[in-house]
Amino acid sequence: MAFTLSCKSALTTHCWRREVSPIWAGGVSSVKCCFLSSVRFKLFSFRASLVPAVFVSLALIGMALAGTAAAGQSVQLSVDVSKTGAKIDRNIFGQFAEHLGHGVYEGVWVGPDSTVPNTRGIRNDVVSALKAIKVPNVRWPGGCFADDYHWRNGIGPAGKRAETLNPNWGGVIEPNSFGTHEFMDFLGQIGADAYVSINVGSGTPREAAEWLEYMTAAQPTTLAKERATNGHPAPYQVAYLGIGNESWDCGGNMTPDYYSSQMKIYSRFVRNYNPAQQDKQQMLKIAVGPGGGEPRWTEWTETIMKAYQQHTWSWDINGLSMHNYTVGNWDHKFASTGFGENEYSQFLKLTLGMEDLINKHSAIMDKYDPQKKVALVIDEWGAWYAPLPGSNPAFLVQQNSLRDAVLAALNLNMFARHADRVRMSNIAQMVNVLQAMVMTDKEKMVLTLTYYVFKMYVPFQDSTFVSVSFDAGTYSHGDISLPRVDAIAAKDKSSKLWLAITNIDPNQPVELEASPAGITAKSAEGETLTAPKVDSVNTFESPNTVVPKPVAAQVRGGKLVLTLEPKSVTVLSIEQ
Ligand code: AHR
């Protein structure tokens, strides 16, 4: 087996977040990466012409462990902090909360009269857990639900709101007790920005425009006064606006051309009405994008990006959404617990397909938007398994194992490597649904293994990508071969260097030896997450079965030495 993947990632640095100034030209670097051979996955070695600053070279040489590691499984990794890339936008660590199962009701909203400790109806335990992972933005109210949602049902006095149905997700009653004000209150409590998906499928431009006026108008319009009557005189801020959801499927089964016409109308008329938020704090608009890599999806991206290239003053978009779940076979989904190494290796191979999708759609975007003004927003991603036995299948309840922790790290690493184009992502979903951060059961809450990966990666939010190269080695199981190790590096705002390293191999540890050049590394410490089994989970009965534990590299002869445990995710900071 010998094959080559090419991965393109120009290192122009962009800012698309509203509080930051527009693109600055930082120069373009050539990139060579993702070279896979029969014995090695050589990852992410590139030359960069940016920022001639500090030079650090960390040579991390995997040492074969006596009696365990075979020759050819060692890792070599070098980091050059003078070779910086794009900013790893904190929005890459975004969340998604849909009115689906217990994603919002019970998971976030219990109501002010609940015995579960809450603040104005919002669970205190969930808020405190989410604050700790510094959630940058939350996408709401869907998902498929968004194209059925009529915002007026979700405002006004509690108890007087319309009770409607949720036909997408089990046909349950939607009480509308969690609406605009409750969502904004929740965001305020966790410190996140709003990413609101408007109803393009069954709504109208007028309905959506009025919702935005209701939320953002600062002047005393009738809608702004209604907002004040409902308890919030000050305008809300909507940082990100999703123009529909999966409009090629549950959002209306539109053709690319039909959607493109709709997108222009919604982009034109659905405004942020607050003049004070028009400049650097403007609302960024995200168009529906592809849901796969087949011709149907490349045609979709071509159509939207071509329209963008030809756009006039009257409309604009700032992002193109992409959805990609790791699922395998939709009709025979993998189980989220009770599996072994076969399913572990198969599923992780599937998740690495994200790289091809990003490359494919980025290449189309580059054609129409070489300056990378439009972000690729992967606003639904994660593992989608068979529903847990005994759960309502429409509620998409699954467990969250060590495999999911590794999967999350691999995807976050892919996003970081494409940070020049991928500037936002939203894992599906935040609470109780699919690959959740936290799961709740009445007054109980459990933090998942994916939660801990997000927590360990907090230092990468708004950090600067740093080039890293290494021989990953190969982990093989049956006919599956995967890179044994994956890693990214970044500098935070104080120029501290961070490494995130995943040892995919569930059987072999990796002995790392770091030889810093250009600096004197005094120490390296951080946390590692691993578990006895690939399907180890935290449960309500045993919530702390798997938690990160501290690790520290030893300094030997000026080198940093650290053993990475099998099937582990490790994040380290290097002290100089
Ligand atoms: O996340 C669950 C569903 O998956 C969303 O509602 C939809 O957008 C996607 O198909």
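Throughout, numbering of the chain's residues begins at 1 and tracks the sequence. Remember, it's a predicted structure, so these values are computed and weren't measured experimentally. Remember, it's 1-based here, ligands and their atoms both numbered in the order they're listed.
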With atoms numbered from 1 as shown, which atoms in ligand 1 lie under 4.0 angstrom from a non-hydrogen atom of E246? 7 (C), 8 (O), 9 (C), 10 (O)
With a cut-off of 4.0 Å, which atoms of ligand 1 are near a heavy atom of Y325? 1 (O), 2 (C), 4 (O)
Where does the angle between the aromatic ring planes of H99 and Y149 fall among parallel (under 30°), tilted (30 to 60°) and perpendicular (over 60°)? tilted
In Å and rounded to the nearest 0.5 Å, what is the CZ to CG distance from R417 to N359? 10.5 Å
With a 4.0 Å heavy-atom cut-off (strictly under), which part of N245 contacts ligand 1: side chain, backbone, both or neither? side chain
Before you tell me yes or no, could you show the steps for T119 and N124 under side chain to side chain donor-acceptor pair (under 3.5 Å), namely the whole-Å CA-CA distance, both residues' side-chain angles and the distance that decides it to 0.1 Å? CA-CA 6 Å; T119 302; N124 293 343; 2.7 Å; yes
Would you say ligand 1 has an N or O under 3.5 Å from any N or O of Q429? yes
Taking the six-membered ring of F96, is NZ or CZ of R139 closer than 6.0 Å to its centre and within 45° of its axis? yes
Give the atom numbers and elements of ligand 1 that come within less than 4.0 Å of a heavy atom of C144. 5 (C), 6 (O), 7 (C), 8 (O)
Residue and atom name of the nearest protein heavy atom (relative to atom 6 (O) of ligand 1), distance in Å to one decimal: E98 OE1, 2.7 Å
A500 versus V571, closest heavy-atom pair with distance: CB-CG2, 4.0 Å
Sole candidate of Y236, W140, W211, W151 that passes side-chain hydrogen bond (donor to acceptor under 3.5 Å, both in side chains) when paired with T180: W211
At under 4.0 Å between heavy atoms, which part of W381 makes contact with ligand 1: side chain, backbone, both or neither? neither
Closest approach of D535 and G338, non-hydrogen atoms and distance? OD2-N, 3.0 Å
dist S391:OG -> N432:CG (nearest 0.5 Å) comes out at 11.0 Å
Applying a 4.0 Å heavy-atom criterion (strictly less than), which segment of N168 is in contact with ligand 1: side chain, backbone, both, or neither? neither
At less than 4.0 angstrom from any non-hydrogen atom of W169, what atoms of ligand 1 do you find? 3 (C), 6 (O)
Check each atom of ligand 1 against the heavy atoms of F96 and keep those under 4.0 Å away; list them by number with element. 1 (O)
Tell me the protein heavy atom at minimum distance from atom 9 (C) of ligand 1, and give that distance in Å. E380 OE1, 3.0 Å
